[in-house]
Amino acid sequence: WLPFTKVKYYTNVFVVKGGKVLLGYKKRGFGKGKYNGFGGKVEPGELPKDAALRELKEEAGISATLKHAGMLLFLSEDAEWAFEIEIYRADDYEGEITESDEMRPEWFNLPSESVLASIQGRTPRDISESTQPFSSDPSSTSAQDASTASPIPYSQMWETDSIWLPLLLAKQKFVGRADFRKVRVQRQDGTEKVDEE
Ligand code: 6OG
């Protein structure tokens, strides 16, 4: 069912500062109810990095210097469109973080330095097969910070995030691809129900 014929471009930005990562709780639209970086569609004629800066400002109220961290390609069975997401990291920001109609920003604790160091030089496959949950370690931040931030909520994020977000946090570049295939379920009455997996 490959290849696709057209690509739609999206962006995603993760601000990482003071032992924490800023995520947004998506209040509406695609991915509603999930935590994610800030981002959206790249408009016609726009460069991905400019789109990422625009969305960061629109959704979180801040500006930042972005570093390209990685890219993801999502393919769906029988779909002519593929989705490419350019992912950026910012180690600082300017302005005041503000909630928008679309996103409610919230800080989460990073994994400890030793966990981040253990990620360096490893492949996403090593990481996804690891029994070590690459979640956060509250002991890695000060007592005051630990009381106000939770570990990264992977169970409330897109399924594939736990594979590559640790790489972004460990400052290791990544390229990923996920293929979504249709699941055909035969109903009792002989009709077919088709879902994406
Ligand atoms: P709007 O439709 O709100 O932009 N996005 C994904 N992000 C992650 N982490 N994983 C995925 O895997 C994603 N699929 C899409 C890209 C949609 C936003 O959602 C992101 C954009 O930042 C399935 O304008």
CA sep, side-chain torsions, deciding dist, call: Asp91, Lys67, side chain to side chain contact (heavy atoms under 4.5 Å, CB included): CA-CA 9 Å; Asp91 297 322; Lys67 298 186 176 91; 2.8 Å; yes
Single-linkage hydrophobic cluster, 4.5 Å side-chain cutoff, Tyr154 and Ile119 together: yes
Mind telling me whether Tyr35 and Phe108 have parallel, tilted or perpendicular rings, with 30° and 60° as the class edges? perpendicular
Under 3.5 Å: donor-acceptor pair, side chain of Lys17, backbone of Ala90: no
Is there a side-chain contact between Leu73 and Phe4 (heavy atoms, below 4.5 Å)? yes
Would you call the rings of Trp107 and Tyr93 parallel, tilted or perpendicular if under 30° counts as parallel and over 60° as perpendicular? tilted
Nearest-0.5 Å distance, CD1 of residue Ile62 to CD1 of residue Ile97: 5.0 Å
Do other residues, nucleotides or ligands put more than 12 heavy atoms under 6.0 Å from Glu96 CD? no
Shared hydrophobic cluster, Ile87 / Phe38 (ILVMFWY, side-chain heavy atoms < 4.5 Å): no
Glu59 side chain vs Gly39 backbone, donor-acceptor pair below 3.5 Å: yes
Look at the rings of Phe14 and Trp164 and say which category their plane angle falls in: under 30° parallel, 30 to 60° tilted, over 60° perpendicular. perpendicular
Is any NZ, NE, NH1 or NH2 atom of the basic residue among Lys6 and Glu80 found under 4.0 Å from an Asp or Glu carboxylate oxygen of the other? yes
How far does CG of Leu23 sit from CD1 of Ile152, to the nearest 0.5 angstrom? 6.5 Å
Measure the spacing between CG of Leu116 and NZ of Lys171 and express it to the nearest 0.5 Å. 10.0 Å
Do Lys49 and Glu86 come within less than 4.5 Å of each other through their side chains, counting heavy atoms only? no
Looking at Lys8 and Glu84, is any side-chain nitrogen of the basic one under 4.0 Å from a carboxylate oxygen of the acidic one? no
Residue among Leu165, Ile163, Leu167 satisfying side chain to side chain contact (heavy atoms under 4.5 Å, CB included) with Phe174: Leu167
Cluster overlap Leu22 with Ile85, hydrophobic side-chain contacts below 4.5 Å: no
Under 4.5 Å between side-chain heavy atoms, hopping through other hydrophobics if needed: is there a path connecting Met103 to Leu56? yes
Any link between Leu169 and Leu72 through a network of hydrophobic side chains (Ile, Leu, Val, Met, Phe, Trp, Tyr) touching at under 4.5 Å? yes
Measure the OH-CE distance between Tyr88 and Met71 for me, rounded to the nearest 0.5 Å. 10.0 Å
In Å and rounded to the nearest 0.5 Å, what is the OH to NZ distance from Tyr25 to Lys32? 8.0 Å
Around atom CD of Glu159, are there more than 12 heavy atoms from other residues, nucleotides or ligands closer than 6.0 Å? no
Criterion side chain to side chain contact (heavy atoms under 4.5 Å, CB included) on Thr65 and Asp92, from CA distance to verdict: CA-CA 7 Å; Thr65 300; Asp92 205 351; over 6 Å; no
Kindly compute the distance separating CZ (Phe83) from CZ (Phe180), expressed to the nearest 0.5 Å. 10.0 Å
Applying side chain to side chain contact (heavy atoms under 4.5 Å, CB included) to Asp161 and Asn36, what does each step give before you reach the verdict? CA-CA 9 Å; Asp161 291 12; Asn36 205 345; 4.2 Å; yes
Quick check: do Arg177 and Leu75 have side-chain heavy atoms less than 4.5 Å from each other? yes
